Amino acid sequence: MEKVKLKQGLKTAMSISSEGNGYLQDSQFWKLYKEDPAACAIVVKTSIGLVHLLATLFEPFMPSFSHKVLGQLNLPYETLSLSDEKGDVEQAGKPWNIVPAGHKIGKPEPLFSEMKDEEVNYYRRKFAGSQADRVERAAAEAINVAEQIKKTTISDGVEKKGAEAKKSAEARRKSTTSTPKDLPVSIARIDIRVGLITNVQKHPDADSLYVEEIDVGEPAKRTVVSGLVKYIPLEEMQNRKVLVVCNLKPASMRGIKSQAMVLAASNDDHTIVELVSPPEDASVGERLKFPGFDGEPDEVLNPKKKIWETVQPDLHTTTDLIACYKGVPFTTSAGVCKVSSVTCGSIK
């Protein structure tokens, strides 16, 4: 570890980024496109190779960024490697050979989004000072809450009021640590778990709907209504592991209250719809992880905040059939989640 030079590594990666940007601009590829298409193709291939190299170099620092880049390049995540044994280092010296001719890149979209003032303030408060400072601050906050509870109980002299004070303090603690109003909107706010469909039947009053009983690791199974009858046979739904959004507000669908939502992927014209499947060995009730997007989900999503509606457009599948959020795979302890055949599709 003494020989690891993180700052020097990051500085080197940034210098390669600057050189690559200079190369692209100096080539005047916009002119080459009309005057010399063959030369333009070499410039574009080399530039794409440099982007792939940068994604590899930045992966230890910003893994979610690198996964997004790979998603847009339409390249598998296994290519994020710089191994001497595999010849990756030698290949990096020939960036024009990294991507084969005729390769089709994925859907381009901004890699970074503008942070709102409330998000900046949230992170500034959360990460202010050293780690030791943050630990000390959290401990002091806990002591302060405990003292408030103790004082309220003694001064009132009534058990009921003491209990109410404790409940109020706990609510304040949750509001300041779990889901503050300015908490950034991301997939971390969504409670997606591995579920097992234990029973499924058609909705008695709607031909296009299934009614499922799903085990999501809770004492009682959840009733879920899904509009999948036209796309997935009933026998393929039974005893199947699926991904379930568990913190949506329950909603009645043709007289039956749906307590969650099963995730499925579809192609552009919605003619093909497939369930997003976790690995066979994934544990029922396990909450999915998204590297780079950490945090605890909301207990129940507030419909007025449109959190799910904001996050959902960034859920998609790759050419490798991997389910992703902004290029970051849906991840369980047993591996990533996939679909059967829908590539570059949307998930909802």
Side-chain angles (χ1 to χ4, degrees), residues 64 68 113-127 134 138 141-142 145 166-196 212 214-226 242-253 257-265 276 278 282-316 323-333 337 346-348:
S64 61
K68 291 179 188 177
S113 58
E114 182 180 359
M115 293 183 69
K116 297 179 181 179
D117 290 342
E118 54 266 28
E119 293 180 87
V120 174
N121 292 333
Y122 167 75
Y123 283 118
R124 184 176 286 130
R125 291 194 302 270
K126 182 176 180 180
F127 297 109
R134 292 193 291 273
E141 200 171 289
V145 171
K166 184 175 182 179
K167 184 177 180 180
S168 176
E170 178 68 13
R172 287 197 300 273
R173 184 190 66 78
K174 287 186 176 180
S175 68
T176 56
T177 59
S178 301
T179 54
K181 293 180 180 179
D182 53 358
L183 191 67
V185 176
S186 76
I187 194 67
R189 303 279 295 273
I190 313 298
D191 185 4
I192 304 177
R193 302 184 213 166
V194 176
L196 176 66
E212 307 113 22
I214 304 181
D215 181 357
V216 291
E218 298 172 338
K221 297 180 177 65
R222 294 202 186 195
T223 299
V224 180
V225 181
S226 306
V242 291
L243 299 186
V244 186
V245 179
C246 293
N247 61 341
L248 294 173
K249 186 176 180 180
S252 292
M253 299 181 69
K257 183 164 286 188
S258 182
Q259 300 170 319
M261 182 174 67
V262 174
L263 289 180
V276 182
S283 300
V284 172
E286 177 182 359
R287 186 190 165 214
L288 269 63
K289 301 295 184 183
F290 297 83
F293 296 94
D294 301 321
E296 291 300 314
D298 293 21
E299 185 175 347
V300 178
L301 295 176
N302 186 342
K304 295 181 179 179
K305 299 294 185 181
K306 302 292 184 183
I307 296 171
W308 169 251
E309 290 79 2
T310 302
V311 170
Q312 186 276 319
D314 291 315
L315 305 181
H316 61 91
C324 292
Y325 167 72
K326 291 186 175 182
V328 178
F330 286 47
T331 306
T332 73
S333 58
C337 303
S346 63
I347 297 174
K348 57 183 179 181

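All values derive from a computational prediction rather than experimental measurement.
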Nearest heavy-atom pair of [X] and [Y]: which atoms, and what distance?
{"X": "Pro291", "Y": "Pro329", "value": "CD-O, 4.1 Å"}
{"X": "Val194", "Y": "Ala282", "value": "CG2-CB, 4.1 Å"}
{"X": "Pro313", "Y": "Thr310", "value": "CD-O, 3.4 Å"}
{"X": "Tyr325", "Y": "Ser186", "value": "OH-CA, 3.6 Å"}
{"X": "Gly295", "Y": "Arg287", "value": "O-NH1, 3.1 Å"}
{"X": "Phe290", "Y": "Ile192", "value": "CZ-CD1, 4.2 Å"}

Could you tell me whether a side-chain N or O of [X] sits under 3.5 Å from a main-chain N or O of [Y], the two making a donor and an acceptor?
{"X": "Arg222", "Y": "Gly195", "value": "no"}
{"X": "Glu286", "Y": "Arg193", "value": "no"}
{"X": "Asp191", "Y": "Pro297", "value": "no"}
{"X": "Asp215", "Y": "Gly217", "value": "yes"}

[atom1] of [X] to [atom2] of [Y]: how many Å apart, nearest 0.5 Å?
{"X": "Leu315", "Y": "Leu263", "atom1": "CG", "atom2": "CG", "answer": "7.0 Å"}
{"X": "Asp294", "Y": "Lys289", "atom1": "CG", "atom2": "NZ", "answer": "7.5 Å"}
{"X": "Gln312", "Y": "Ser346", "atom1": "CD", "atom2": "OG", "answer": "6.5 Å"}
{"X": "Leu243", "Y": "Met261", "atom1": "CG", "atom2": "CE", "answer": "11.0 Å"}

Taking Gln259 as the fixed residue, which of Val244, Val216, Thr223 is the one that meets the side-chain contact (heavy atoms from CB on, under 4.5 Å) rule?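 Passing option: Thr223.
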
Flag side-chain contact, heavy atom, 4.5 Å: [X] against [Y]:
{"X": "Leu288", "Y": "Ile190", "answer": "no"}
{"X": "Thr332", "Y": "Cys337", "answer": "yes"}
{"X": "Val311", "Y": "Arg189", "answer": "no"}
{"X": "Ser252", "Y": "Lys257", "answer": "yes"}
{"X": "Ile187", "Y": "Val328", "answer": "no"}

Using side-chain contact (heavy atoms from CB on, under 4.5 Å), reason through Lys326 and Ser64 one step at a time and then give a plain yes or no. CA-CA 8 Å; Lys326 291 186 175 182; Ser64 61; over 6 Å; no

